[in-house]
**Student:** 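Following this message is one structure expressed as structure tokens.
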Amino acid sequence: MTRATGRAPSGPPQPSPRRYNTVLRLYDAPLHRDWAFWLTVGLAVLVGLSIGTSQEQTSGLPRWLDTLLAVLTFTLLFGVVPAWIRLGIRRWRWRERPSHPKPSPVAAPDPSPPPNPGATPPPHTAATPRTTEASQATPPAHTATAPGPYTTPPPRTPTPPRRTPPPPPHGPARPETAYPPSPDPLAAARRAFPHPVARTVHEMQRAHTAKDRHEALLEAGETLAATVAVTAAGLLTAHGAGERNLAELRTALAGTGTTFGTWTVWLHHLCRVARERTDVIPGLAEALRDDAEMAARPDDPGLAQFLDRLKGERNRTSHGDKPRTQEEAALRVAEHRLTLEQALMSAQFLIGLPWLLTVSCAYQRRTGTFEVVADHLMGDHPDFDRMTFSCPAPVADDTVYVLSPAGPVALSPFVASLYCAQCGRREICHANNAGRRNRPAAYKSFGRGHVIPYPELDEEIAALPASRPSPRPGRRTP
């Protein structure tokens with residue numbers, strides 16, 4: 001009885017790759033796959049047999065010398081000369097071929113905004129998490145290229161120096177893996193965006209039908225809007241800025257709950273504080289476009305405008321105008337796919353603001369700092385990478401943080417990692433609504449949209465800045 005090992009049977013050995021003009025600069029290796037080599041050998045054997053076995057005396061030279069001269073003459077004229085002509089043709093074709101330089105490694109996009117000559121630089125500088133020593137010791141894999149003719153390789157163009165940001169004062173973070181940048185916005189979002197966005201983009205790409213792909217595209221747009229909004233809200237709360245915007249978000253949470261329109265309207269109102277406090281949310285001011293900029297450049301919309309277009313398609317679908325056939329759904333996906341890609345390109349600053357889920361925080365007696373171990377909540381893979389970094393202040397365990405230029409900032413109460421009874425696992429959730437008479441305060445899962453009751457959320461929402469009531473006409477304000 002044979003035992004199943006789960007290993008596929010090994011196939012036949014692969015043939016060795018051809019190396020052009022490597023034998024005497026005329027023939028290809030391996031020789032048995034080169035027609036010019038066989039032509040030369042065949043002519044030598046044929047001429048040698050023909051003259052060596054002939055009974056006629058063609059000249060006064062000895063038979064062996066006559067045979068040798070005939071073999072050399074015929075192989076040189078009809079074997080070596082054609083191979084030499086082939087070499088010249090190959091060199092000419094190689095010179096005429098357009099050269100494609102190899103892509104040089106590109107550094108991760110700098111999330112910090114462009115320098116403003118009139119603004120004072122922030123006290124701390126941003127730093128993206130760097131890889132651990134184990135990942136740095138692994139050499140990069142080389143891609144096999146098809147061999148060309150034997151010619152002198154062209155000089156290599158020097159690659160520009162890689163831009164590396166300085167380490168932050170609280171210590172560098174070290175994820176176990178790092179993803180190279182990709183020109184495809186969807187691929188870049190799957191690899192380097194916060195997990196809620198990367199997950200929905202992955203679901204859109206792997207959808208089997210056009211209807212499922214259309215629904216996943218709208219879900220990706222709403223998740224992107226919520227991710228940008230809760231990241232900005234957490235940073236504003238930590239820096240004590242944007243009280244009016246936080247009061248508006250508190251009102252929305254205390255009402256019927258958050259929707260796609262809640263996030264997009266809130267991002268529209270965030271343009272002013274994003275331009276006044278560029279040090280709080282790096283990159284957000286360049287992503288958003290206010291009404292004045294839209295009037296000046298109507299053909300250059302911003303992140304909020306792209307999300308508005310996706311929200312319009314979501315409202316159209318929710319109000320009874322769903323695609324009824326697969327063909328209609330495919331047309332709608334093709335119409336709004338570019339809008340989603342442009343929104344993802346506008347939200348590239350999220351790559352420089354990674355999300356973390358803290359696992360442990362230990363005090364280091366020698367350095368007087370805290371060593372934090374956290375899960376790197378970036379990318380579409382559900383198994384997150386572990387990263388370790390030093391922090392001058394302690395952080396709470398099992399809490400979602402964003403690694404800002406000034407250090408880790410808690411996203412509570414806007415984001416939490418909670419156990420979902422319907423999914424049977426922990427999910428990344430965002431605050432959905434505060435408690436009322438007939439319902440408790442609850443979070444909503446980014447991935448499935450499941451509502452998870454959480455009574456403690458009421459106290460955290462109540463701690464947010466409250467909107468100031470407008471004074472009544474005819475009454476003086478103190």
Side-chain angles (χ1 to χ4, degrees), residues 179 182-231 257-264 267 303-348 350-351 355 377-384 415 417 420 422-430 432 443-452:
Y179 298 109
S182 174
D184 184 8
L186 298 180
R190 288 181 52 183
R191 293 186 175 186
F193 268 54
H195 179 67
V197 180
R199 179 179 181 177
T200 52
V201 172
H202 187 194
E203 290 180 355
M204 185 194 74
Q205 289 187 322
R206 71 176 184 178
H208 296 288
T209 63
K211 289 185 177 180
D212 294 340
R213 195 174 299 112
H214 177 262
E215 182 64 25
L217 185 145
L218 300 180
E219 187 69 25
E222 183 174 358
T223 304
L224 177 61
T227 301
V228 175
V230 296
T231 303
T258 58
T259 60
F260 200 164
T262 303
W263 307 121
T264 55
L267 289 177
L303 175 60
Q305 284 72 27
F306 291 131
L307 294 176
D308 280 339
R309 298 175 185 177
L310 297 175
K311 181 191 67 176
E313 178 65 15
R314 165 69 80 181
N315 294 339
R316 175 186 176 186
T317 303
S318 302
H319 294 161
D321 192 8
K322 292 184 178 181
R324 302 182 181 277
T325 62
Q326 297 293 342
E327 291 77 12
E328 183 183 359
L331 291 176
R332 291 200 188 181
V333 170
E335 179 183 358
H336 296 282
R337 179 189 175 96
L338 179 59
T339 303
L340 177 62
E341 292 180 354
Q342 292 172 332
L344 292 172
M345 293 177 64
S346 300
Q348 290 289 325
L350 291 176
I351 300 177
W355 284 18
L377 304 183
M378 306 294 281
D380 61 342
H381 203 281
D383 297 331
F384 304 117
V415 183
S417 175
C420 179
Q422 301 182 44
C423 299
R425 60 186 179 185
R426 298 184 69 87
E427 290 287 337
I428 307 299
C429 311
H430 66 83
N432 183 48
Y443 281 90
K444 179 184 287 188
S445 169
F446 274 108
R448 304 296 180 185
H450 297 159
V451 177
I452 305 175

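Every heavy atom of this structure was used, including side-chain atoms; hydrogens, water molecules and symmetry mates were not. Being a predicted model, the structure only gives us computed values, none of them experimental.
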**Student:** Show your reasoning for whether side chain to side chain contact (heavy atoms under 4.5 Å, CB included) applies to H450 and C423.
**Tutor:** CA-CA 9 Å; H450 297 159; C423 299; 3.2 Å; yes

**Student:** What heavy-atom pair brings S445 and R448 nearest, and what distance separates the two atoms?
**Tutor:** OG-N, 3.4 Å

**Student:** Under 4.0 Å between a side-chain nitrogen and a carboxylate oxygen: does that hold for D380 and R206?
**Tutor:**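 Result for this pair is no, no salt bridge flagged.
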
**Student:** Starting from the C-alpha separation in whole Å, work towards a yes-or-no answer on side chain to side chain contact (heavy atoms under 4.5 Å, CB included) for L310 and L217.
**Tutor:** CA-CA 9 Å; L310 297 175; L217 185 145; 3.9 Å; yes

**Student:** For the NE2 atom of H336 and the CD atom of Q342, what is their distance to the nearest 0.5 Å?
**Tutor:** 12.5 Å

**Student:** As an exercise, state the distance from CG of L350 to CG of L344, rounded to the nearest 0.5 Å.
**Tutor:** 9.5 Å

**Student:** Is the shortest side-chain heavy-atom distance between V201 and F193 below 4.5 Å?
**Tutor:** no

**Student:** Verify whether one side chain among H214 and E313 offers a donor that lies under 3.5 Å from an acceptor in the other.
**Tutor:** yes

**Student:** For residues N315 and K311, determine if any side-chain heavy atom of one lies less than 4.5 Å from a side-chain heavy atom of the other.
**Tutor:** yes

**Student:** Strictly distance-based, threshold 3.5 Å: is any side-chain N or O of E328 a donor or acceptor partner for the main-chain N or O of P323?
**Tutor:**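 Pair absent, no side-chain N/O of E328 close to backbone of P323.
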
**Student:** Could you go step by step and tell me if E341 and L338 meet the side chain to side chain contact (heavy atoms under 4.5 Å, CB included) rule?
**Tutor:** CA-CA 5 Å; E341 292 180 354; L338 179 59; 4.0 Å; yes

**Student:** Please output the side-chain donor-acceptor pairs of residues 222-230 that fall under 3.5 Å, not counting sequence neighbours, one pair per line with the distance.
**Tutor:**
{"from": "T223", "atom 1": "OG1", "to": "E219", "atom 2": "O", "distance (Å)": "2.8"}
{"from": "T227", "atom 1": "OG1", "to": "T223", "atom 2": "O", "distance (Å)": "2.7"}

**Student:** Rounded to the nearest 0.5 Å, how far does CD of E427 lie from OG of S417?
**Tutor:** 8.5 Å

**Student:** Is there a side chain to side chain contact (heavy atoms under 4.5 Å, CB included) between W355 and I428? Walk through the geometry before answering.
**Tutor:** CA-CA 11 Å; W355 284 18; I428 307 299; 4.2 Å; yes

**Student:** Is there side-chain contact between M378 and P194, with heavy atoms separated by less than 4.5 Å?
**Tutor:** yes

**Student:** Roughly how far, to the nearest 0.5 Å, is CD of E335 from CZ of R309?
**Tutor:**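 So the CZ of R309 and the CD of E335 are separated by 10.5 Å.
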
**Student:** Do W263 and L307 have side chains that get closer than 4.5 Å, going by heavy atoms?
**Tutor:** no

**Student:** Measure the shortest side-chain to side-chain distance between R337 and L186 over non-hydrogen atoms and say whether it is less than 4.5 angstrom.
**Tutor:**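 Touching, per the 4.5 Å side-chain cut-off.
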
**Student:** Quick one: pull up NE2 in H208 and CZ in R213 and give me the separation to the nearest 0.5 Å.
**Tutor:**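 CZ of R213 is found 9.5 Å from NE2 of H208.
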
**Student:** Measuring from L303:CG to T264:OG1, what's the distance to the nearest 0.5 Å?
**Tutor:** 10.5 Å

**Student:** Does H195 reach the main-chain N or O of G379 with its side chain, forming a donor-acceptor pair under 3.5 Å?
**Tutor:**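 Looks like yes, one N/O pair under 3.5 Å.
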
**Student:** So, do V451 and Y443 sit near enough that their side-chain heavy atoms are less than 4.5 Å apart?
**Tutor:**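 No, side chains not in contact.
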
**Student:** For residues F446 and H430, determine if any side-chain heavy atom of one lies less than 4.5 Å from a side-chain heavy atom of the other.
**Tutor:** yes

**Student:** Can you find a heavy atom in the side chain of R332 that is under 4.5 Å from one in the side chain of T317?
**Tutor:** yes

